[in-house]
Every structure is written in C-alpha cells, then in structure tokens.
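These values consider heavy atoms only, across backbone and side chains, with no hydrogens, waters or symmetry-generated copies. Letters go in sequence order (proteins before strands), and every chain restarts at 1.
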Amino acid sequence: MGIDGLLTFVRSASSEVHISKFAGQRVAIDASSWLHRGAFSCARELALGQETDRYLRFPLRMIAMLRSHCVEPVLVFDGAKLPMKVRTDRLRSAARSAALQRAHREQRDKDFTDSITVTPAMADRLLRKLRESDTAFVVAPYEADAQMVFLVEHGHCAAAITEDSDLLAFRCPRTIYKLSPETGYCRLHSFDDLCHATDSSGSLLFDDWQSWKTGLFTDMCILSGCDYLPSIPGVGLKTAHAALSTHRSMQRAISALHDKFIWSKAQSADPAGRAELLQLTSEHLELCTMCQQIFKYATVWDPVSAALVPLHQLGTSLDIRDRDRLGPLMAPSDAKLLCEDGVLDPTSLQLYPTVEQSTASMPKREDVRSRFFDAVCPRVNTAACEPSSISIVQQNVVRRETAESALPLNEGAVAPCETDTFLYSAGVRSPMHFKAFHVPLSDEAKTAAFESAHLFAIDSPPCLGDAFLQRFRGI
DNA sequence: CGCTAGTACTCAC
DNA sequence: GTACTAGCG
C-alpha cells in the first residue's frame with residue numbers, strides 16, 4: 001500500500017542516478033523488502049514449511065553489489081506493528097492466507113509467491129549473516145521506515161534504499177527507489193527537490209514549498225489514504241492535493257472535503273443524521289491528527305544515546321494514550337537487546353533461539369509493551385519483585401511509590417529519562433531480569449488504565465480505520 | 001479528468 | 001511493496 005500513486009505523482013522531481021554517487025558513504029536499507037524479494041526464489045519451500053535459506057542470497061548479493069561500488073549498507077529491520085496499522089496488516093495477512101490455501105490446492109507458482117511473508121526467523125538468519133560479514137544493522141522498535149528516516153536525518157546514512165513510498169510521507173531527505181541489482185542504477189528522490197515538482201502540464205505542484213515541506217505534504221499523504229488510515233471514499237492523491245492547495249490546512253481541507261462528499265447527502269437527512277455527520281467530521285480530523293503524530297514522532301532507536309526516542313523532538317506533551325500510538329517505549333536494557341544487538345524477536349520480545357539452545361530450554365521473557373497494559377490490572381501479576389533484583393531505575397519507582405502511595409496515570413512524572421516517565425505513568429516497570437514490577441494504583445487510575453488497555457493493547461487492537469470507514473459508507 | 005479494482009511483478013534457472 | 005490499465009462516475 002504505502003501512499004498509492006505518490007511516486008508517479010512526484011516523479012518529475014526525481015532523477016536517475018548511479019549508486020556510486022554514494023561511494024564512501026553509508027546508506028540505510030529496507031531489509032524486509034530485500035528479504036521479501038529473496039523469498040521469491042524459494043516461495044514453495046517456505047509455504048510448505050521446508051528448510052531453506054535461499055532467501056538470504058538476494059540480500060547478500062545486493063550488499064556485495066553496494067560494496068563493489070564502495071557504498072556501505074546499514075540494514076534496517078522492521079520491528080513490532082503499530083496499533084494503528086492493524087487494519088492494513090490484517091488485510092495483507094488475510095490475502096496471504098487465502099493465497100496459501102489456493103497454493104496447497106492448485107500448486108500454482110503465483111499463489112506460492114503471493115503467500116510470502118517475511119518472518120522474524122528469516123530476519124534472524126539474515127542478522128546472523130550480517131554479524132559474520134561485519135555488516136551494520138539496526139532493528140527498528142516499530143516502523144523500519146521511521147528508523148531509516150532518523151538515520152538519514154541524523155547523518156548516520158546519506159540516503160535510504162527502499163521500495164516504499166511512505167518514506168516520502170515521513171519526509172526522508174534522500175530516498176532511493178528501484179535500485180537495479182544488475183546495473184546499480186536507481187531513482188533518487190531528494191525531499192527538497194519536491195519544490196520543483198510539476199504536473200503533466202508543467203505547473204508547480206507545491207507552491208509556497210515551505211508550507212508543504214513543514215506539514216502539508218504529509219497531510220496530503222494522510223488524506224489520500226495511508227497505512228494508518230483509509231481515505232474518504234473517492235478521495236485520492238489528486239483530490240487531497242487540490243483540497244490542501246486551496247485550503248492550506250488539514251482542518252479546513254477536511255471540512256471542505258466533508259462538505260463536498262458528505263454534507264450534500266445530508267440535505268435530505270433528519271437533524272439527528274446531520275448531527276452525526278458533524279460528529280464524523282470531527283472524528284476524522286482527530287484520526288488524521290493521530291496520523292500526523294505518527295509521521296512526525298514515531299518511536300525509533302537512537303544509536304548515539306542508545307535509547308528509544310521520537311523521530312522528531314516532541315514539542316507538546318502527549319498523554320499516555322497518544323504516546324502509545326507512536327510505539328510504546330520499553331526498558332532501556334530491552335531496547336538495546338532488540339535494536340542494537342538484534343537478538344530479540346520484535347513481535348514477542350523473546351530471545352531468538354541460538355544454535356546451541358532450543359526454544360524450549362530458554363527462559364521466558366516478559367513482553368513489557370503488551371504486558372504493561374494488563375500489568376496495571378489487579379488480576380495480573382500483583383506481586384512485587386524481590387528487593388535484591390530491583391535495578392537503579394526501579395528503585396526510583398519504588399521511592400516515588402512509597403512517597404506518593406500511588407501514581408496517577410498521565411501525571412507526566414519527572415524522571416531520569418523518557419522511558420522512565422512512560423513507565424512511571426503506566427505504573428509498571430520492567431526490571432533488568434525481565435520480571436514485571438507492579439505499582440499499586442488508585443481505583444480511578446486502574447479504571448483509566450483498564451480502558452486504555454482495551455483501546456490500545458497490542459494483542460487485540462481496534463481497527464480505528466475500519467470503524468471510521470464503515471460509518472462513512474453507511475451514509 | 002480522476003478514482004477503483006484487477007492484473008502482473010519482485011528471484012533465478 | 002510497486003506499476004499499469006480498463007471501466008466507471
């Protein structure tokens with residue numbers, strides 16, 4: 001999915017270059033897309049559960065190709081799914097399952113390739129090869145897209161190589177598409193060059209580029225439909241672009257689009273129906289605002305401070321539910337194991353089985369991100385840790401807990417680091433030894449935590465986009 | 001003219 | 001994830 005049609009829409013502002021343009025520099029690689037392409041060579045084996053690692057050949061070949069041009073790759077792996085992306089993920093996995101069913105019945109090549117899914121186990125095997133060959137990598141805590149943009153913006157990489165148009169929505173300074181494995185030629189999109197983008201008749205697409213650059217461009221991507229939110233039915237890139245060109249703000253553009261596409265249908269509607277439409281308009285604006293936040297503040301790994309940080313500096317303080325939509329934080333020790341060491345399955349936060357150690361013999365780890373929602377509920381793990389096993393950061397929690405008896409949610413407590421603020425707010429802490437720690441909360445705080453758990457728990461998240469679309473189509 | 005939905009493609013022999 | 005296109009509003 002990504003942003004449908006975006007690359008062709010802004011093609012005029014891109015250029016054909018050779019990868020050797022980046023000789024002597026590092027580039028961030030979307031590892032999943034290379035694994036996905038590699039999996040084409042062994043789609044049948046993967047679908048039938050047969051042992052193979054032929055999917056590693058393509059990524060390793062591409063790495064060798066880059067190095068032959070003196071370009072140093074940094075492979076960026078996907079992390080856990082963001083709650084707001086489940087609508088898209090569910091659609092994709094349903095399509096893959098259907099293909100797998102057909103593949104088993106009819107044994108057609110196309111169905112086998114359609115059923116391809118890049119698993120954490122496949123990522124793990126590539127990670128092991130990367131360590132052997134001394135190739136740099138980062139595992140994104142959540143979206144690899146956001147992680148690549150962070151690496152480029154902070155000068156760790158000169159550009160990002162991907163096939164996903166979302167990097168432009170994330171405002172990646174330099175993105176490389178369609179890198180040819182044979183020739184090394186590719187298409188370079190420099191974000192600032194978009195100020196020169198023209199339509200087919202030659203007129204400028206983004207007049208007053210500064211306002212597009214600082215927000216309207218991403219707003220256009222959101223309004224036209226992105227992975228986190230479907231668009232108003234009938235609205236694509238052109239319509240979103242036109243609305244924002246005229247109205248110059250997300251809010252006014254949404255109002256105008258709702259007027260045009262919906263309000264007309266309410267002329268004959270009863271007052272109650274009209275009131276519901278107004279309600280829908282404000283809810284749509286709220287959902288779009290959530291998407292703006294993801295594109296701006298998605299949680300990424302900062303290799304310098306060795307911590308999870310927002311893609312850009314958080315200007316305003318968000319409450320805990322807003323913060324979680326950007327990707328829940330986790331204990332610094334876990335974040336390092338996941339993102340820097342690459343030894344955790346991002347989805348389950350379990351250690352990858354080593355060659356010597358089978359899964360069964362390994363200690364079970366707590367998944368803080370999905371656990372913390374439940375951990376504040378009385379029915380789950382109310383036992384406190386042994387004092388001897390409490391880390392320094394935890395002792396802060398304990399001190400706060402005893403001083404104030406209970407921590408209300410959304411308090412925004414002052415803490416040594418952002419991760420701890422988050423965990424204070426949730427009233428739970430993941431110790432170094434992977435046991436959950438429970439801080440008693442007031443009844444009100446428990447209720448609030450319970451409600452947010454049901455709204456945003458990673459295991460069974462809601463499909464915000466689904467509900468929104470259904471109501472739209474019901475009109 | 002623009003959006004939607006359907007098809008074909010990514011590897012590698 | 002992409003690109004292309006016939007068909008429809």
Side-chain angles (χ1 to χ4, degrees), chain A residues 1-11 14 29-47 52-65 76-78 81 85 88-89 91-96 98-99 102 108-118 122 126 140 143-146 148 160-170 172 175-183 186-187 189 199-201 203 205 220-221 223-228 230-243 245 257 260-261 264-265 469 472-473:
Chain A
M1 293 199 34
I3 313 298
D4 202 32
L6 181 59
L7 261 42
T8 35
F9 189 62
V10 299
R11 197 188 140 86
S14 68
I29 310 291
D30 178 4
S32 303
S33 79
W34 281 5
L35 276 171
H36 194 261
R37 288 172 72 174
F40 267 78
S41 66
C42 50
R44 185 176 293 262
E45 290 85 341
L46 288 169
T52 179
D53 64 356
R54 226 164 55 239
Y55 51 82
L56 297 178
R57 280 167 61 175
F58 179 76
L60 293 177
R61 216 182 85 209
M62 289 296 265
I63 290 168
M65 188 270 278
V76 180
F77 290 79
D78 266 313
K81 297 178 196 320
K85 208 173 176 174
T88 304
D89 287 326
L91 288 171
R92 285 179 193 156
S93 86
R96 280 195 297 266
R102 283 197 305 274
R108 280 177 25 187
D109 282 353
K110 188 186 180 303
D111 291 324
F112 280 113
T113 55
D114 282 353
S115 77
I116 289 175
T117 173
V118 175
M122 291 161 70
L126 181 53
E143 301 284 47
D145 300 348
M148 287 190 284
I161 298 182
T162 185
E163 298 304 327
D164 186 347
S165 58
D166 270 342
L167 263 86
L168 288 181
F170 273 104
C172 184
T175 318
I176 289 169
Y177 292 104
K178 299 172 197 14
L179 172 60
S180 162
E182 290 82 24
T183 67
C186 53
R187 188 149 279 277
H189 287 253
D199 62 16
S200 50
S201 69
S203 49
L205 281 174
M220 174 185 77
C221 296
L223 271 183
S224 80
C226 64
D227 284 352
Y228 312 114
S231 68
I232 296 170
V235 174
L237 256 185
K238 302 271 171 83
T239 311
H241 173 258
S245 295
L257 289 172
K260 190 172 166 189
F261 288 91
S264 59
K265 300 188 182 183
L469 253 195
F472 241 122
R473 290 187 169 138

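- Scanning for side chain to side chain donor-acceptor pair (under 3.5 Å) contacts around A:Ser224 gives an empty result, with sequence neighbours left out.
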Reading nucleotides 2-9 of chain C from the 5' end, what letters show protein touch, with B for base, S for backbone sugar-phosphate only, - for no heavy atom under 4.0 Å? SS------

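- Considering only residues two or more places apart in sequence or on other chains, A:Phe40 meets the side-chain contact (heavy atoms from CB on, under 4.5 Å) condition with A:His36, A:Thr113, A:Ile116.
- By the salt bridge (Lys or Arg N to Asp or Glu O under 4.0 Å) test, A:Arg187 pairs with A:Glu16, sequence neighbours left out.
- Within the nucleic acid shown, A:Asp227 comes within 4.0 Å of sugar-phosphate atoms alone, with no base atom in reach, counting heavy atoms only.
- The side chain to side chain donor-acceptor pair (under 3.5 Å) check on A:Arg96 picks up nothing, with sequence neighbours excluded.
- With sequence neighbours excluded, no residue satisfies salt bridge (Lys or Arg N to Asp or Glu O under 4.0 Å) with A:Asp4.
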Annotated protein contacts, base or backbone, on nucleotides 8-13 of chain B with a non-hydrogen cut-off under 4.0 Å, one of B, S, - each: --BBSS

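- If you measure from atom CG of A:Asp111 to atom C1' of B:dT7, you get 13 Å, rounded to the nearest angstrom.
- Applying the side chain to side chain donor-acceptor pair (under 3.5 Å) criterion to A:Asp53, with sequence neighbours excluded, gives no partner residue.
- A:Ser115 approaches A:Ala99 most closely through the heavy-atom pair N-CB, 3.9 Å.
- Under the side chain to side chain donor-acceptor pair (under 3.5 Å) criterion, A:Asp164 pairs with no residue, sequence neighbours left out.
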